[in-house]
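The residues of the chain are indexed from 1 along the displayed sequence.
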Amino acid sequence: MAILSDYTEGENQSQAKKPIEEEEIKENESNNSSSSNEPKKEEENNNKKKLQPNQFNGLDMENYTWGQTLQDVTINVSVPLGTKSTFLAVDINNNSIKVGLKNQPPIVEGELLEPVKADECFWSLEDQKQVTILMTKRNGSDWWKSLFKNGPEIDTQKAEPEPSRLSELDLETRSAVEKMMFDQKQKQKGLPTSEEIQNQDQIKKIMEENPEIAKHFANSPANANGKGGLSNVRMMSSGGGMMR
């Protein structure tokens, strides 16, 4: 907030305006800087809320644990020792599951984050103390950030497919997974993603085939200030041409 002292009329009035205007500009610049940092801070806060996945790319909860591959989700639900399969009530639908003992409140119940193929889901009772459920994802190429909608979220960037399972994927899915893993690691290191590398290669090729364009960018004022060059030129996403 600007504070005014006593000024005489005429020249002193015009002199009084200058510090006020400068202070207003500084305030605007400060506000703009704060606004531009808000999305970044919000993203950092969201990342802090995400949990480290367990060794099976899921989470260990109080009454159950869950894990996943790109194609399947496995849930292990603890039940009282000595439980028989006839005591269990297990209901698996495309979008929800419910597990518990008959005539008692469910141990696990909720709406799944993503749909599964109910006709390809199975469950079994292990050692009369644990129910194991295997569900096939409807979309077999994405990591789930949580088991249930509005449930605790994991950091999917830290999820790792098993090497043996990765080799079993079809060529198209495997290529997509490897690209995703490469891009995640590049982003974590602050390095260009596969798409950015491809764009840079295309731009380099265009420069080599068109010396005049290369000369133009080399002599541009931005390049003279250290802000030009190929790193600041990218291909248009709509196809064709270049953008700076």
Side-chain angles (χ1 to χ4, degrees), residues 42-170 172-174 176-181 184 188:
E42 184 177 350
E43 184 178 352
E44 290 176 353
N45 290 334
N46 290 336
N47 288 335
K48 288 179 181 178
K49 294 177 183 177
K50 294 179 180 178
L51 303 174
Q52 174 77 23
N54 60 22
Q55 59 179 323
F56 305 109
N57 299 319
L59 283 176
D60 299 327
M61 309 301 292
E62 183 178 357
N63 297 323
Y64 67 94
T65 65
W66 73 278
Q68 63 177 320
T69 65
L70 284 168
Q71 298 167 318
D72 306 313
V73 176
T74 302
I75 308 172
N76 295 316
V77 183
S78 298
V79 294
L81 183 62
T83 296
K84 296 181 179 180
S85 59
T86 54
F87 300 170
L88 296 169
V90 181
D91 187 16
I92 305 174
N93 297 310
N94 289 334
N95 299 295
S96 64
I97 63 166
K98 182 165 60 174
V99 183
L101 300 176
K102 291 178 179 178
N103 303 319
Q104 293 189 27
I107 300 173
V108 176
E109 181 180 21
E111 184 179 0
L112 298 171
L113 179 70
E114 300 289 346
V116 297
K117 299 177 182 179
D119 56 347
E120 297 182 20
C121 297
F122 306 92
W123 68 271
S124 62
L125 179 62
E126 309 290 340
D127 300 326
Q128 295 187 326
K129 63 179 182 180
Q130 176 179 283
V131 177
T132 298
I133 302 170
L134 178 63
M135 303 186 297
T136 302
K137 295 179 179 180
R138 180 73 60 82
N139 182 354
S141 61
D142 292 331
W143 294 112
W144 286 14
K145 62 182 180 181
S146 62
L147 179 60
F148 298 118
K149 290 185 177 179
N150 301 318
E153 297 183 2
I154 65 167
D155 186 351
T156 55
Q157 291 189 355
K158 297 181 180 178
E160 297 182 1
E162 299 176 25
S164 57
R165 295 304 299 268
L166 185 60
S167 63
E168 294 172 7
L169 298 176
D170 61 81
E172 184 178 355
T173 304
R174 180 175 178 177
V177 172
E178 290 177 342
K179 178 179 180 297
M180 178 182 67
M181 293 172 61
Q184 287 178 353
Q188 291 173 357

Going by the rule salt bridge (charged side-chain N to carboxylate O under 4.0 Å, His left out), which residues pair with [X] if we only count those two or more places apart in sequence or in a different chain?
X	result
E111	K149
K145	E153
K158	none

[Y] side chain reached by [X] side chain, heavy atoms, under 4.5 Å:
X	Y	value
L88	V79	yes
V73	W66	yes
L112	R138	no

Using 0.5 Å steps for rounding, measure from the [atom1] atom of [X] to the [atom2] atom of [Y].
X	Y	atom1	atom2	result
I154	W143	CD1	CH2	8.0 Å
Q71	N139	CD	CG	11.0 Å
W144	L59	CH2	CG	13.5 Å
K137	L70	NZ	CG	6.0 Å

Heavy-atom closest pair (P53 atom, A159 atom, distance to 0.1 Å) is CG-N, 4.5 Å

Would you name the heavy atoms of S146 and P152 that are closest together and state the gap between them?
CB-O, 3.2 Å

With no hydrogens and no angle check, do the side chains of Q157 and K50 hold a donor and an acceptor under 3.5 Å apart?
no

Would you check if there is a donor-acceptor pair between the side chains of N76 and T74 at a distance under 3.5 Å?
no

Applying side chain to side chain contact (heavy atoms under 4.5 Å, CB included), can you list everything that pairs with D60, at least two apart in sequence or on another chain?
N54, T65

Under the side-chain contact (heavy atoms from CB on, under 4.5 Å) test against I92, which residue among I133, D119, I75 passes?
I133

Could you tell me whether the side chain of T136 and the main chain of E120 form a donor-acceptor pair under 3.5 Å?
yes

Please table the atom pairs, donor to acceptor, closer than 3.5 Å between any side-chain atom in residues 121-128 and protein atoms at least two apart or in another chain.
from : atom 1 : to   : atom 2 : distance (Å)
S124 : OG     : E126 : OE2    : 2.7

Could you list the donor-acceptor pairs under 3.5 angstrom formed between side-chain atoms of residues 93-104 and any protein atom two or more places apart in sequence or on another chain?
from : atom 1 : to   : atom 2 : distance (Å)
N94  : OD1    : A118 : N      : 3.0
K102 : NZ     : T86  : O      : 3.0

